[in-house]
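Reminder, nothing fancy here: chain letters follow the sequence lines and each chain counts from 1.
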There are 2 protein chains.
Amino acid sequence: MKSAVEPLKARRIYLLLRDRIVAGELPPGARLPGEPALAAEHAVSRVTVRRALDLLDKEGLVQRKAGSGTFVHDTRAVRPIVADLSNVLSHLIDMGRSTDVRLLSFGYGVPPESIAESLGLKPGERAQRSVRVRLIDGEPFSYLTTHVPEWIGLTYSEAELAARPLLELIERSGVTTERATQAINATLAGPEAAAALDLEIGSPLLTLTRIVYEPSGRGVEHLHALYRPDRYSFHMDLVRTGSDGERRWSPALGWPRAADKSKSEKSKSGEKPTRTPRVIKQRS
Amino acid sequence: MKSAVEPLKARRIYLLLRDRIVAGELPPGARLPGEPALAAEHAVSRVTVRRALDLLDKEGLVQRKAGSGTFVHDTRAVRPIVADLSNVLSHLIDMGRSTDVRLLSFGYGVPPESIAESLGLKPGERAQRSVRVRLIDGEPFSYLTTHVPEWIGLTYSEAELAARPLLELIERSGVTTERATQAINATLAGPEAAAALDLEIGSPLLTLTRIVYEPSGRGVEHLHALYRPDRYSFHMDLVRTGSDGERRWSPALGWPRAADKSKSEKSKSGEKPTRTPRVIKQRS
DNA sequence: CAAAGCTGTATTATCCATCATACAGGTTCC
DNA sequence: GGAACCTGTATGATGGATAATACAGCTTTG
């Protein structure tokens, strides 16, 4: 009973380099240390370094040139950053990007206790469970598991769910949705999510758990979403609010949605970087 | 050249079980399948299943009883969920929890390109870089890397940074901060962050990147934060806004901050679950 | 062109995770 | 008590990841 399961060495180095790249320490185009140098630096064999670089290569983060070196791939191209807070991909759509939904699972049953509780179901009461995957430009980026009380779920068909937003169907059933709570977190990809999102098991994922309430306070939808961090992230603009001594950041409401920067190009350059939604495909 | 580096089998099973637990599919107190059963189910040896269970045990998610079985530990106790959006831990403090900051690194140098760009620095211009770890009740939960333009950084000392909020120091220097952008994402823990957060390399982490701007549009602080997802997550309340056809969720502003639920206990039970900030320590 | 450095590739040996199996000891239930 | 489960522990065998080394071919630099 020793040796806790630790990631393979190649993976360690892969992670390390990956962090240095995404952190910008190794800017796009830069040539990173040679394989012998990396091997010495991390006290591993060159073969292992190679494996790490292979991973980075397969992921499109670096580009290897025989005889020359390994170079950081143009990150901007590889990171088709999808973004938005509070709501989802609203402005993606009117940006000419095609989104698609695939229904993986649909059925009724007794949900796990924690979900039943948040939906205000009595023990044994059934709910509709569905699993969907969202694609952007053909590439999967989110894995959604939703639970809805049975009496609401029965108001629409499986085909309708595959075609329309769930919340729209819920509201169509006569329920009004006003309030919701959500929590954002991180996890590792389990087998199913990894398969659906075209990832390896153990990849990092962004998590969003949202519970939608009707005015009476009863839960009507429990959403558990997993996002690929390289294809999705939450962005928000903040403003400093509160009077002295109690100043905090608050989300900038009524903000210029997807602010087509045509409007504010007054100041010089660094207006709002990291906001270059170019439409470039990533290698599958 | 085959076999991509795939996570160890034990880790796979660990992740699988872990997901089923946090998803509530295996509710607290439940006995999970016996080791032989799990071994058969996943087509691995019992030894491997054992390793996976050891990980869950060490993490405090399950409790093993010789001769009896392996049981899901009381999740509520194990998840001292810290939370808040937009700002950080505001209400934690007035909840009687002690937070502490540890300065790991402090110095000046030329920052990586992407950060220099967001701070509006000219190539070669220097910035102050600091790395801090935040603890709650003695346990580390966030790993903060900040970059500040040199001319601001010079207005305070290393000791001051270790003692007071950075933004306060920045404002004290005469700069006014009004706007900020931030992005939330997920990654895997690299070596340094893993060590500082008392995690294994490859653990999932919540990421927050915030850039604070002064009114002129120039960046004055670049913050990169890594959070342990089991000790921190972003919560927010949402309200449905926008007129028909363009309805979306918006963060509920002006909400009862840290709503001491003494106020709204009108409706029955399920008012706002998952909001039970009991102060229970987790095993180190 | 030649030297130096790099990536690609192969070989052999070692180490560690995993497998398969067996047994000891505790718990539960009849 | 005893059967049937469970967890804890140990064994040797096997395969894959890694180490150490060597060499080929390409690129860059002088």
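Between B:Arg64 and A:Val49, the one whose closest nucleotide on DNA chain D sits nearer the 5' end is B:Arg64.
Against DNA chain D, the stretch residues 36-46 of chain B makes heavy-atom approaches under 4.0 Å through B:Pro36, B:Arg46.
Close to C:dT18, at under 4.0 Å from its OP1 or OP2, lies a side-chain N or O of B:Arg51. Taking only side-chain nitrogens and oxygens, B:Thr48 never comes nearer than 4.0 Å to OP1 or OP2 of C:dA17. Listed pair A:Lys9 / D:dA19 meets the phosphate criterion, a side-chain N or O lying under 4.0 Å from OP1 or OP2. For the OP1/OP2 pair of D:dT7 and a distance below 4.0 Å, the side-chain nitrogens and oxygens of B:Thr70 include at least one atom meeting the criterion.
Residues satisfying the salt bridge (charged side-chain N to carboxylate O under 4.0 Å, His left out) criterion with A:Glu150, sequence neighbours excluded, are A:Arg126. Under the rule for a salt bridge (charged side-chain N to carboxylate O under 4.0 Å, His left out), the partners of B:Arg50 that lie at least two apart in sequence or sit in another chain are B:Glu35. The side-chain hydrogen bond (donor to acceptor under 3.5 Å, both in side chains) search around B:Thr187 returns B:Thr207, not counting sequence neighbours. Residues passing the salt bridge (charged side-chain N to carboxylate O under 4.0 Å, His left out) test with B:Arg102, sequence neighbours excluded: none. Here B:Thr70 pairs with B:Leu32, B:Leu53, B:Val62, B:Arg64 under the side-chain contact (heavy atoms from CB on, under 4.5 Å) rule; sequence neighbours left out. In terms of the side-chain contact (heavy atoms from CB on, under 4.5 Å) criterion, residue partners of B:Ala183 (sequence neighbours excluded) are, by chain and number, A:His235. With sequence neighbours excluded, the residues forming a side-chain contact (heavy atoms from CB on, under 4.5 Å) with A:Pro33 are A:Ala37, A:Leu38, listed by chain and number. Listed by chain and residue number, A:Val133, A:Leu135, A:Leu197, A:Asp198, A:Arg231 satisfy the side-chain contact (heavy atoms from CB on, under 4.5 Å) test with A:Pro140 (two or more places apart in sequence, or in another chain).
Between the C1' atom of D:dC5 and the CD atom of B:Glu35 lies a distance of 12 Å, rounded to the nearest Å. One atom, OH of B:Tyr14, and another, P of C:dT18, lie 15 Å apart when rounded to the nearest Å. Remark: C1' of C:dT7 and CD of A:Gln63 are 14 Å apart, rounded to the nearest angstrom. Here the C1' atom of nucleotide C:dT7 and the CG atom of A:Asp54 are 11 Å apart, to the nearest Å. In this entry the distance linking CG of B:Leu53 with P of D:dG8 reads 9 Å, nearest Å. Atom CZ of A:Arg11 is separated from atom P of D:dA17 by 13 Å (rounded to the nearest Å). Rounded to whole angstrom, the span from the CZ atom of B:Arg50 across to the C1' atom of C:dA17 amounts to 16 Å.
Centroid-to-centroid, the aromatic rings of B:Tyr143 and B:Tyr227 stay 6.0 Å apart or farther.
The residues B:Glu200 and B:Lys58 are annotated as salt-bridged, a charged nitrogen and a carboxylate oxygen being separated by less than 4.0 angstrom.
A distance of 11.5 Å separates CG in A:Leu199 from CG in A:Leu188, rounded to the nearest 0.5 Å.
End-to-end axis angle for the helix from C:dC1-D:dG30 to C:dC30-D:dG1, using five pairs per end and rounding to 10°, comes out at 40°.
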Per-pair distances, 0.1 Å, donor-acceptor, side chain in residues 15-26 of chain B, under 3.5 Å, sequence neighbours excluded:
unit_1, atom_1, unit_2, atom_2, d
B:Arg20, NE, B:Glu25, OE2, 3.3

Between the protein and nucleotides 28-30 of chain D, are there any N/O to N/O pairs under 3.5 Å, and if so, what are the atom names and distances?
none

